[in-house]
Amino acid sequence: MSIPDRYGRRRGWPVAALVAVGSVLAAAACGIPADEEPRSIPVEALPANLSEQQATTTTVVDEASAQRETIYLVHTGTAPGGAGESLEPVSISLRNPEPDQLPRLVIERLIATKPDQIGLPGLTNPVPADTKVLDARVSDGVLDLDLSASLANIESALQRLALAQIVFTATDITSLPISSVRFRIDGQPVAVPVEVGTAPAGQPVSRNDYPRFKAQVDSLQEASR
């Protein structure tokens, strides 16, 4: 656009004026009103990649709300069953477990724990990794624990250690009054090796059935207070 000057000649707008007008028109055409403070954007309005990233972020476990429990691994001496063996408490976390599922979850975590994968290569876990928890119920302070036959298929010295691990782990669940464990294999009551001899089938086994481990663990707990 141009206008005639005093001699009838046409001249254009000054450059500065054109820039100013263009800026005003652009702002009017495509301007976004500025908010005084940030506004949240609904998840459904986000691009797919951003909404997926947000979903991933919200699945991070809040350790502050996780429940802490203790499992027991084994520090083994030079010979199976020798005086060099000891039980070592290891802290784990469970995210908001249901109270009636807590014994099963804790024992399953014990079974699945591989010491070298959690930075404890000096410890061992004699509980066979393929052991399945078929049932776990608490009644009158006794945990009735039904396991698969994997536990029965290992040598007696390792079996004794594995059973001791399970007993000390179960009786350390602070939110449940568990004082002993009654073992079943594939639904059938079984006799289990204790520190001296064997506990008859169907008889609950407690920490008192492993007096050397009990004295050692009691000493650790007393020292930590």
Side-chain angles (χ1 to χ4, degrees), residues 59 61 66-76 80-81 85-121 123-195 197-207 209-210 213 217:
T59 59
V61 175
Q67 181 167 328
R68 308 298 298 184
E69 294 294 344
T70 300
I71 62 173
Y72 284 84
L73 302 177
V74 175
H75 184 276
T76 306
E85 293 168 344
S86 61
L87 293 182
E88 301 291 334
V90 175
S91 180
I92 63 170
S93 62
L94 298 171
R95 187 179 181 183
N96 301 323
E98 294 293 333
D100 60 338
Q101 292 296 311
L102 187 56
R104 173 189 289 272
L105 294 174
V106 172
I107 299 302
E108 286 178 340
R109 179 68 68 85
L110 168 64
I111 294 169
T113 297
K114 294 178 172 57
D116 57 337
Q117 292 182 358
I118 59 172
L120 297 172
L123 303 181
T124 62
N125 187 359
V127 182
D130 59 347
T131 302
K132 305 297 182 185
V133 179
L134 305 178
D135 197 17
R137 302 171 186 268
V138 180
S139 177
D140 297 328
V142 178
L143 171 61
D144 279 294
L145 186 61
D146 191 2
L147 302 171
S148 65
S150 301
L151 187 61
N153 295 332
I154 60 176
E155 61 175 300
S156 59
L158 290 178
Q159 190 180 90
R160 180 182 63 82
L161 286 173
L163 291 165
Q165 286 178 260
I166 293 171
V167 169
F168 278 77
T169 295
T171 55
D172 212 332
I173 299 176
T174 54
S175 59
L176 292 174
I178 299 174
S179 59
S180 59
V181 181
R182 183 162 38 228
F183 288 93
R184 297 174 183 269
I185 298 294
D186 289 336
Q188 299 300 314
V190 291
V192 297
V194 291
E195 186 168 315
T198 302
Q203 176 178 304
V205 178
S206 73
R207 293 189 175 199
D209 292 295
Y210 303 93
F213 288 147
V217 171

Using a 4.5 Å cut-off on heavy atoms from C-beta on, say whether the side chain of [Y] contacts that of [X].
X: L151; Y: L163; value: yes
X: D172; Y: P89; value: no
X: I71; Y: V106; value: yes
X: L147; Y: I166; value: yes
X: L102; Y: Q67; value: yes
X: I118; Y: K114; value: no
X: V90; Y: T113; value: no
X: R137; Y: D100; value: no

From [atom1] ([X]) to [atom2] ([Y]), nearest 0.5 Å:
X: T76; Y: E88; atom1: OG1; atom2: CD; value: 10.0 Å
X: T169; Y: I92; atom1: OG1; atom2: CD1; value: 8.0 Å
X: Y72; Y: F213; atom1: OH; atom2: CZ; value: 12.0 Å
X: Q165; Y: R160; atom1: CD; atom2: CZ; value: 11.0 Å
X: T124; Y: H75; atom1: OG1; atom2: NE2; value: 9.0 Å
X: L161; Y: S86; atom1: CG; atom2: OG; value: 10.0 Å

Closest approach of [X] and [Y], non-hydrogen atoms and distance?
X: A162; Y: V127; value: CB-CG2, 3.8 Å
X: T131; Y: S150; value: OG1-CB, 3.7 Å
X: S93; Y: A66; value: CB-CB, 3.9 Å
X: S180; Y: P204; value: OG-CB, 3.4 Å
X: P103; Y: I173; value: CA-CD1, 3.9 Å
X: L94; Y: P97; value: O-CD, 3.7 Å

If we ignore hydrogens and angles and just use 3.5 Å, is the side chain of [X] paired with the main-chain N or O of [Y] as donor and acceptor?
X: D209; Y: S206; answer: yes
X: R182; Y: V142; answer: no
X: N125; Y: L110; answer: yes
X: D186; Y: S148; answer: no
X: S179; Y: G141; answer: yes
X: D146; Y: G187; answer: yes
X: R207; Y: F168; answer: yes

Option from L143, V167, L145 for which side-chain contact (heavy atoms from CB on, under 4.5 Å) with V205 holds: V167
Evaluation steps, side chain to side chain contact (heavy atoms under 4.5 Å, CB included), between R104 and D135: CA-CA 7 Å; R104 173 189 289 272; D135 197 17; 4.3 Å; yes
Side chain to side chain contact (heavy atoms under 4.5 Å, CB included) evaluation trace for E69 with S175: CA-CA 9 Å; E69 294 294 344; S175 59; 4.3 Å; yes
